[in-house]
Protein chains: 2
Amino acid sequence: MDNLLKYIHSLTVFSDKSWELLQPALAKKAFQKNELLLKEGEVCNSLFYIEKGYCKTYYEIDGMVKNTGFFFENEIATNITSFGSGRKSEFNIIACEPLTAILFDKKELFQAAKQANEIETLGRNCIRLFASKQEEFSNLFKLYSARERLQYLEVNHPGMIQRVSLSQLASFLGVARETLSRIRKRRMLM
Amino acid sequence: MDNLLKYIHSLTVFSDKSWELLQPALAKKAFQKNELLLKEGEVCNSLFYIEKGYCKTYYEIDGMVKNTGFFFENEIATNITSFGSGRKSEFNIIACEPLTAILFDKKELFQAAKQANEIETLGRNCIRLFASKQEEFSNLFKLYSARERLQYLEVNHPGMIQRVSLSQLASFLGVARETLSRIRKRRMLM
DNA sequence: GCTAACCTGTGATAATCGTCACATAATTAC
DNA sequence: GTAATTATGTGACGATTATCACAGGTTAGC
């Protein structure tokens, strides 16, 4: 839990008492590669703090897998819409490697947040980071071409390029696998 | 302030006392058409609850305006990254019509949130809605073609289609103005 | 080690899109 | 009302991309 505590302290002031109050909401869980953290049609009742490994969010449309996000160590993965509203999730979250996560249970978390304002603040900050990340990647498509989007990842998220295969990255960047391969080749020649 | 209070009650439990404590953080402000709510390079210290009118977020890159978001009545506009981190904003927010907004001042809001957990919870819920919206529009690009993205707006956000001109909508949908005009024409023939 | 599954590269071709140019509304300012 | 500005439609053409097909390389499981 050390990593999580560090993560929390990087976000907000957090007393030992808050940490204690938070404990009932936390549960460590290991996932195998290709094991689902959240399945389409289920309600998302957890925030997944990723301790080790990485996962992705994906839609399955007409039998085709469309990756919409990748989440790595010291990030929180969730379906924020489903988590917040209680509606069913329209997408899946799956482990891309053996993964260790600490789950924040929604009900217990809300319970704890009522007792300690610091926990409520922590929740707000987690969601804020999540929103910032969504905004960042959303804007990529409005501001840049496919080639520039790849370049952006190379500069700003090199870890993603290193760990995610070209095929997986393609739908995330909104292009066909073959196109991404050709873009990468063209970029290397320049 | 009636609209705002309704909005708040739709999000969370909110006592009269919380509403009173929140007052010092609120300020009503009118903007003319084409007046900036937030300017690139400034730090965003407000959440803008939109009472009447609408605004957009846009980047200016190489002299070209790229619209990244539109915000209408009963929504909150802000630069969540700048607001949360205190860093300078990389984009502008501008009124597209005469606009009335209620500004949440960051400093005062945080002060109030320390005194009332309900206000902290409200903040979390506002950000959650914001994150959901970002996620929704971000995924459009990964899941759908340009034509399908237009169709999605027609079905799910008809108000946006009605109020935002084709030229303005184009960069938001990630296509050239001329392309959007042709897509619309093709769709009408079917 | 061997097989099967997955990943990457590449050619051909059709579809889509961006850009430039210009014409015609529609709106705004005075 | 008139002029100026802005918004939209459209043709032409080059650039980019999706799709299908297939080959070779890499990885993982047994």
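Reminder, nothing fancy here: chain letters follow the sequence lines and each chain counts from 1.
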- Residue whose closest nucleotide on DNA chain C lies nearer the 5' end, Lys33(B) versus Arg182(B): Arg182(B)

Check the distance between [N]'s [atom2] and [X]'s [atom1] and give it to me in whole angstrom.
X	N	atom1	atom2	result
Glu97(A)	dC6(C)	CD	P	17 Å
Met64(A)	dC20(D)	CE	P	9 Å
Leu180(A)	dC7(C)	CG	P	13 Å
Glu178(B)	dT16(C)	CD	P	17 Å
Gln168(A)	dT27(D)	CD	P	15 Å
Ile183(A)	dG9(C)	CD1	P	12 Å
Gln162(A)	dC7(C)	CD	P	18 Å
Asn34(A)	dT27(D)	CG	P	17 Å

Under 4.0 Å between a side-chain N or O of [X] and OP1 or OP2 of [N]?
X	N	result
Arg186(A)	dT17(D)	yes
Ser167(A)	dT8(C)	yes
Arg184(A)	dG9(C)	yes
Thr179(B)	dG18(C)	yes
Lys185(A)	dG9(C)	no
Ser181(A)	dT8(C)	no

- Task: For Glu108(B), enumerate each residue passing the salt bridge (charged side-chain N to carboxylate O under 4.0 Å, His left out) test, keeping only those at least two apart in sequence or located in another chain.
- Result: none

- Message: What I want to check is whether the side chains of Asn74(A) and Tyr49(A) have a donor and an acceptor closer together than 3.5 Å.
- Response: yes

- Query: Does the base of dG18(C) carry an N or O that pairs as donor and acceptor with the side chain of Arg177(B) under 3.5 Å?
  - Reply: no

- Message: Does Lys133(A) qualify as a cation-pi partner of Phe71(A), given the criterion of NZ or CZ under 6.0 Å from the six-membered ring centre and within 45 degrees of its axis?
- Response: yes

- Message: For Phe83(B), does the six-membered ring have the charged nitrogen or CZ of Lys106(B) within the cation-pi criterion, i.e. under 6.0 angstrom from the centroid and within 45° of the normal?
- Response: yes

- Query: Under 3.5 Å, side chain of Thr68(A) to main-chain N/O of Thr57(A), donor-acceptor pair present?
  - Reply: yes

